[in-house]
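Here is the structure we will look at.
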Amino acid sequence: MTYAHETRRRRTFAIISHPDAGKTTLTEKLLLFSGAIQIAGSVKARKASRHATSDWMEIEKQRGISVASSVMQMLYREHVINLLDTPGHKDFSEDTYRVLTAVDSALMVIDAANGVEAQTRRLIEVCRQRDTPIITFVNKMDREVRDPLDILDEVERELGMPCVPMTWPVGQGKSFGGIINLRTQAMTVFDSGSERLPQDFETIPLTEQAQLAERFGLEWQTAMDSMELATGASPAFDEAAFLAGKQTPVFFGSGVNNFGVMEVLDALVDLAPAPKPRTSNLLVNKQPVVKEIQPEDSAFSGVVFKVQANMDANHRDRIAFVRMASGKYTPGMKLKVQRTGKELRPTSVVTFMSQRREAVEEAFAGDIIGFTTHGGVQLGDTITDGANLQFTGLPFFAPELFMTVILKNPLRTKQLQTGLDQLGEEGAIQVFKPEIGGPMLLGAVGQLQFEVVQHRLKAEYDCDVRLEGCQYTGARWITADTPAELREFTNAYPQRMSLDAAGTLAYLCTSPYDVRLAQERFPKIHFHPLREHAGLALGSAG
């Protein structure tokens with residue numbers, strides 16, 4: 001049995017950008033144009049308050065930023081498109097990093113006035129490591145922006161790959177006239193207004209040169225000259241190079257005005273890749289065995305790349321987001337969590353339209369499905385219908401910031417423990433439990449993570465906590481070649497030992513010198529700044 005027909009229809013991509021480049025707006029417009037939602041900027045809640053559909057958490061509404069990745073599925077031109085909106089804020093880069101392991105391509109949004117910004121650079125780096133194909137959308141062309149040739153030049157430098165213009169702007173800011181579509185050889189005329197639909201925009205074929213020159217004057221001539229320069233300096237679009245992450249097609253537009261968005265949606269269908277094979281690592285007789293899993297294989301397999309607690313505050317549910325790697329999902333299937341060998345018994349399995357969830361009738365490789373569970377599933381878990389597989393590559397970074405958790409009301413200890421267990425398992429923060437007892441420690445990549453966790457502990461678990469500074473500035477996961485060596489090390493540093501949410505042993509340090517000194521004293525201990533979720537990468541504490 002092969003599911004090649006279904007997997008070829010799938011497109012799974014993440015939207016990445018620096019905060020404020022217009023990523024969430026673009027997400028809304030893609031959903032709007034595919035017919036997935038009716039009003040952009042609306043959460044279909046009882047109050048119908050107009051927050052972006054993809055930002056559901058209370059704190060996101062207060063701050064107007066995305067702090068959690070969200071998943072949306074839409075149908076467009078007979079293709080199933082799975083879109084993952086990622087947090088733009090650097091303090092949540094871990095969540096974004098993990099989301100990028102679950103997609104086949106990325107849509108990079110760039111603010112035409114600011115070019116490539118700091119956070120985009122970090123995300124680009126992740127895409128580069130994985131050779132993820134990137135489609136680039138240069139947004140906000142209706143504002144006073146930089147010259148498009150300058151922007152292309154900067155993108156090429158930062159990405160380290162050539163840009164291939166697919167559309168080209170005519171004018172900018174107040175004199176923004178529209179875009180030339182190099183694929184269809186026509187110009188779409190710009191008209192501002194967020195209620196306009198793609199079919200409302202006027203289109204003029206490029207064969208009408210005289211009409212275009214007369215109507216847009218100097219802007220037209222300038223655009224033609226710069227477009228000639230850009231296309232002359234760029235290679236022709238090469239599908240193989242794009243799919244290998246070696247060139248990026250570039251589109252221009254204005255997301256807020258629904259302009260230039262349809263071209264991106266079409267490109268996702270025409271250019272972005274269908275699901276790719278994934279590598280599975282297995283331990284057979286303690287030896288790693290590598291196997292390539294094809295998306296069209298009949299056996300079900302998938303990876304948990306995100307766990308989110310309390311998406312529905314009324315039901316205290318936890319959703320494990322699973323990226324399907326192969327096979328077909330149907331309701332009632334028997335599934336197994338490879339890490340524990342236990343059967344997975346979800347109370348429901350859903351696909352997402354941001355806050356709207358629908359029960360899954362069937363899903364295939366490339367789709368993102370949500371298993372509603374009450375525990376037993378962690379980030380990075382491989383789930384199969386029985387086959388013995390282990391997907392790797394879901395990273396946890398050693399935190400650089402630490403806080404001690406002090407509970408204001410000691411009678412809420414049980415609720416605090418539940419809250420920290422669940423928030424730790426979903427990767428919202430890293431939780432460390434000192435081996436010698438004492439208050440729990442929270443480790444984060446960015447300061448804002450602490451604020452979100454403090455807010456969520458109070459709102460979702462009714463735990464009022466105070467976060468206090470502590471002496472630790474870093475952590476390293478530790479392994480040893482033999483249990484005896486590990487015991488000797490832990491006995492030498494009992495104060496520094498802690499267990500993370502996955503039960504993996506970590507050494508807490510107060511300065512970079514700590515690790516160096518400990519390493520000199522115990523040369524057979526291995527210190528890891530990165531923990532990959534897989535039995536192969538690090539052993540758990542025995």
Side-chain angles (χ1 to χ4, degrees), residues 9-17 20-45 47-56 60-61 64-66 69-86 88 103 105-111 135-143 166-167 176 178-179 181 184 188-203 251-272 351-358 368:
R9 292 174 59 218
R10 264 62 190 174
R11 301 288 182 271
T12 305
F13 74 100
I15 294 202
I16 60 173
S17 81
D20 296 330
K23 176 166 59 69
T24 303
T25 303
L26 186 63
T27 302
E28 291 283 355
K29 299 311 167 88
L30 292 169
L31 292 171
L32 186 69
F33 292 172
S34 67
I37 58 172
Q38 269 62 56
I39 319 168
S42 69
V43 171
K44 302 285 185 296
K47 294 187 180 120
S49 51
R50 285 170 71 101
H51 295 295
T53 305
S54 55
D55 289 349
W56 55 266
E60 301 184 339
K61 294 168 188 174
I65 57 165
S66 301
S69 310
S70 48
V71 178
M72 284 142 280
Q73 191 179 68
M74 51 192 170
L75 199 63
Y76 177 66
R77 280 177 45 196
E78 299 300 307
H79 285 71
V80 178
I81 297 175
N82 295 290
L83 179 160
L84 284 75
D85 180 17
T86 60
V103 299
S105 57
L107 173 57
M108 177 171 71
V109 186
I110 288 176
D111 181 325
I135 293 173
T136 302
F137 180 67
V138 181
N139 196 16
K140 307 188 182 180
M141 287 308 297
D142 56 320
R143 309 224 182 139
M166 291 288 183
T167 64
F176 181 46
I179 52 171
N181 188 332
T184 60
T188 308
V189 180
F190 177 69
D191 208 339
S192 71
S194 59
E195 305 305 317
R196 301 183 70 82
L197 290 170
Q199 58 269 30
D200 299 340
F201 293 108
E202 182 188 358
T203 305
F251 296 82
F252 292 84
S254 164
V256 76
N257 288 296
N258 298 3
F259 193 75
V261 177
M262 206 62 184
E263 289 76 2
V264 173
L265 195 49
D266 283 325
L268 285 163
V269 168
D270 298 337
L271 310 179
T351 53
F352 303 92
M353 227 330 295
S354 190
Q355 281 201 320
R356 214 168 65 233
R357 305 184 205 167
E358 287 163 11
I368 310 289

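Nothing here was measured: the structure is a model prediction, and the numbers come from that model.
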Would you say CZ of Arg9 has more than 12 non-hydrogen atoms from neighbouring residues, nucleotides or ligands within 6.0 angstrom?
yes
Tell me whether the count of non-hydrogen atoms from other residues, nucleotides or ligands lying under 6.0 Å of CD in Glu202 goes above 12.
yes
Looking only at heavy atoms, which two atoms of Val269 and Arg11 are closest? And how far apart?
O-NH2, 3.1 Å
Going by an N to O cut-off under 4.0 Å, is there a salt bridge joining Asp266 and Arg77?
yes
Once you round to the nearest 0.5 Å, how far does CG of Asp20 lie from CG of Asn139?
11.5 Å
If we only count heavy atoms from C-beta on, is the Gln73 to Val80 side-chain gap below 4.5 Å?
yes
Nearest heavy-atom contact between Ala21 and Lys140 is O-CE, 3.7 Å
Determine, stepwise, if the pair Phe259 / Ile179 fulfils side-chain contact (heavy atoms from CB on, under 4.5 Å).
CA-CA 9 Å; Phe259 193 75; Ile179 52 171; 3.7 Å; yes
Spatial distance of atom OG1 (Thr167) from atom CE (Met141) [nearest 0.5 Å]:
9.0 Å
Over all atoms of both residues, closest heavy-atom pair of Ala267 and Phe251
CB-CZ, 3.4 Å
List the atom of Ile16, the atom of Ala106, and the distance in Å for their closest heavy-atom pair.
CD1-CB, 4.3 Å
Measuring from atom CG of Leu26 to atom CD1 of Ile15, what distance do you get when rounded to the nearest 0.5 angstrom?
4.5 Å
Residues Lys29, Asn257; criterion side-chain contact (heavy atoms from CB on, under 4.5 Å); working and verdict:
CA-CA 9 Å; Lys29 299 311 167 88; Asn257 288 296; over 6 Å; no
Please report the C-alpha distance between Phe201 and Val189 in whole Å, then the side-chain angles of each, then the deciding distance to 0.1 Å, and finally whether the side-chain contact (heavy atoms from CB on, under 4.5 Å) criterion is met.
CA-CA 6 Å; Phe201 293 108; Val189 180; over 6 Å; no
Rounded to the nearest 0.5 Å, what separates atom CD1 in Ile81 from atom CG in Leu268?
6.0 Å
Would Thr188 and Met262 satisfy side-chain contact (heavy atoms from CB on, under 4.5 Å), going step by step from the backbone distance to the final call?
CA-CA 11 Å; Thr188 308; Met262 206 62 184; over 6 Å; no
Which atoms form the tightest heavy-atom contact between Met74 and Leu30, and what is the distance?
SD-O, 3.6 Å
Between Val71 and Asn82, is any pair of side-chain heavy atoms under 4.5 Å apart?
no
Shortest non-hydrogen contact from Ile135 to Ala272?
CD1-CB, 4.5 Å
Taking atom NZ of Lys23 and atom OG1 of Thr25, what is their separation to the nearest 0.5 Å?
10.0 Å
Rounded to the nearest 0.5 Å, how far does CG of Asn258 lie from CZ of Phe190?
10.0 Å
